[in-house]
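Data block below; observations after.
What's counted below: heavy atoms across the whole structure, side chains too, no hydrogens, waters or symmetry copies. A note on names: the letters A, B, ... follow the listed sequences, proteins ahead of strands, and every chain is numbered from 1. Quick caveat, the model's predicted, so the values are computed rather than measured.
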Protein chains: 2
Amino acid sequence: MARAATTADAFNAVAEPRRRQILDLLVGGERPVNDLVAQLGLAQPQVSKHLRVLREVGAVDVREDGRRRLYRLNGKALKPIHDWVHEYERLWSERFDELDAVLKGLEQKEEDDGSDE
Amino acid sequence: MARAATTADAFNAVAEPRRRQILDLLVGGERPVNDLVAQLGLAQPQVSKHLRVLREVGAVDVREDGRRRLYRLNGKALKPIHDWVHEYERLWSERFDELDAVLKGLEQKEEDDGSDE
DNA sequence: CAATCATATACCGATATCGGAATATGTCAA
DNA sequence: TTGACATATTCCGATATCGGTATATGATTG
């Protein structure tokens, strides 16, 4: 066995920085491949390959327009990532840090009061 | 060149489902390796290896306790993932879907009015 | 129809991974 | 000190990747 395919998951697909860049560019709206090639400074075949991966995980959709292909973002594919990482937000949010402090204070108080646990 | 190292990034580290599971378990608090081994149903060496990766990207910290090692979550390492994916939230949120519809309506209107762009 | 433009695919070599198995390191207990 | 326990490291083979280069496919223009 080796590492999971890049097309296995949105997680795997998006682990590659270039692919994140591509998605970031597509936030601005539909773009033909050549636009992306120009903006990324990458060779055209590499861009097409990255787009294929993004297509396979559903993060982008394509539309034909004459001899060019217009790629468009489909952000829903990223929702699982958002949902997962969202659970960890409290670990760096100051607001929650304060809440944690309060809760710890309460625990301490209960321990001082003695009894079980 | 090959795929980026799993230790290159939080993105790469977390692309592996087992490592996400480990982090999920550590949300419940500090745990020794053997606890994780039991809960994951994985072989001990694999768990140690996954933990190493998570350590190298700063997602967990270790503390020695006799002959065992207690691993603890350090969620701050996941913030870049959260920050990145957060930008895409509007793409699946219904509230923002409605906003998009409104904006598209406005665009349409301007196009109908003609003129440049 | 030929030439050109836009994009996708195929092939290559190098590399880092993953799980499995064996083993090393280090601590505690009798 | 010997043995049991807890964890980390090393070696293995298989595999999927990435960038580069060459080429295929397909649409448009002259």
- Whole angstrom value for the distance that separates P of dT17(D) from CG of D9(A): 12 Å

- Query: Between dC18(C) atom C1' and Q46(B) atom CD, what is the distance in whole Å?
  - Reply: 8 Å

- Item | N34(B) vs dT7(D): side-chain N/O to OP1/OP2 distance below 4.0 Å | yes

- Rounded to whole angstroms, how far apart are NZ on K49(A) and P on dA10(C)? 11 Å

- Message: Checking D24(A) against Y88(B): is there a side-chain donor and acceptor pair closer than 3.5 Å?
- Response: yes

- Query: How close or far is atom P of dG19(C) from atom CG of L51(B), stated in whole angstroms?
  - Reply: 13 Å

- Tell me: CD of E30(A) to P of dA6(C), nearest whole Å? 17 Å

- Hey, are R18(A) and H50(A) close enough side-chain-wise for a donor-acceptor pair under 3.5 Å? no

- Query: Roughly how far apart are E30(B) CD and R69(B) CZ, rounded to 0.5 Å?
  - Reply: 14.0 Å

- Item | Length of the CG-P vector between D35(B) and dC5(D), whole Å | 17 Å

- Query: Can you check whether R3(B) has a side-chain N or O nearer than 4.0 Å to OP1 or OP2 of dC18(C)?
  - Reply: no

- Task: Look at H50(A) and dG19(D) and indicate whether a side-chain polar atom (N or O) is within less than 4.0 Å of OP1 or OP2.
- Result: yes

- B/S/- contact track for nucleotides 24-30 of chain D, protein heavy atom under 4.0 Å: ---SBS-

- Note on the structure: Atom CD of E56(A) and atom P of dA16(D) are separated, to the nearest Å, by 13 Å

- Protein-nucleotide distance (L42(A), atom CG; dT7(C), atom P), rounded to Å: 15 Å

- Message: Using the side-chain heavy atoms of A5(B), tell me which of these nucleotides is nearest: dA6(C), dA16(C), dT7(D).
- Response: dA16(C)

- Query: Once you round to the nearest 0.5 Å, how far does OH of Y71(A) lie from CG of L51(A)?
  - Reply: 5.0 Å

- Side chain proximity check, V27(B) to L73(B), heavy atoms < 4.5 angstrom: yes

- Query: Is L70(B) reachable from V53(B) through a run of hydrophobic residues whose side-chain heavy atoms are each under 4.5 Å from the next?
  - Reply: no

- Query: Looking at dC18(D), dA6(D), dT7(C), which one has an atom nearest to any side-chain atom of E16(A)?
  - Reply: dC18(D)

- Message: Closest approach to the side chain of P45(B), judged atom by atom: which nucleotide of dA22(C), dA8(C), dG19(C) is it?
- Response: dA22(C)

- Task: Kindly indicate whether the side chain of Q44(A) and the base of dA8(C) share any N or O donor-acceptor pair separated by less than 3.5 Å?
- Result: yes

- Message: Once you apply a heavy-atom cut-off of 4.0 Å, does P32(B) come out as touching a base, just sugar-phosphate, or nothing?
- Response: sugar-phosphate

- Query: Within the structure, does a side-chain N or O atom of R52(B) lie under 4.0 Å from either OP1 or OP2 of dT9(D)?
  - Reply: yes

- Message: Check the phosphate of dC18(D) against R19(A), side-chain N and O only, distance under 4.0 Å to OP1 or OP2. Yes or no?
- Response: yes

- Item | Contact nearer the 5' end of DNA chain D, comparing A43(A) with A2(A) | A2(A)

- Measuring from L25(B):CG to D35(B):CG, what's the distance to the nearest 0.5 Å? 9.0 Å

- Query: Between Y71(A) and dA8(C), is there a side-chain N or O to OP1/OP2 distance below 4.0 Å?
  - Reply: yes

- Considering just the side-chain nitrogens and oxygens of S48(B), establish if one lies under 4.0 Å of OP1 or OP2 belonging to dT7(D). no

- So, does R55(B) use its side chain to make a donor-acceptor pair with the main chain of D61(B) at under 3.5 Å? no

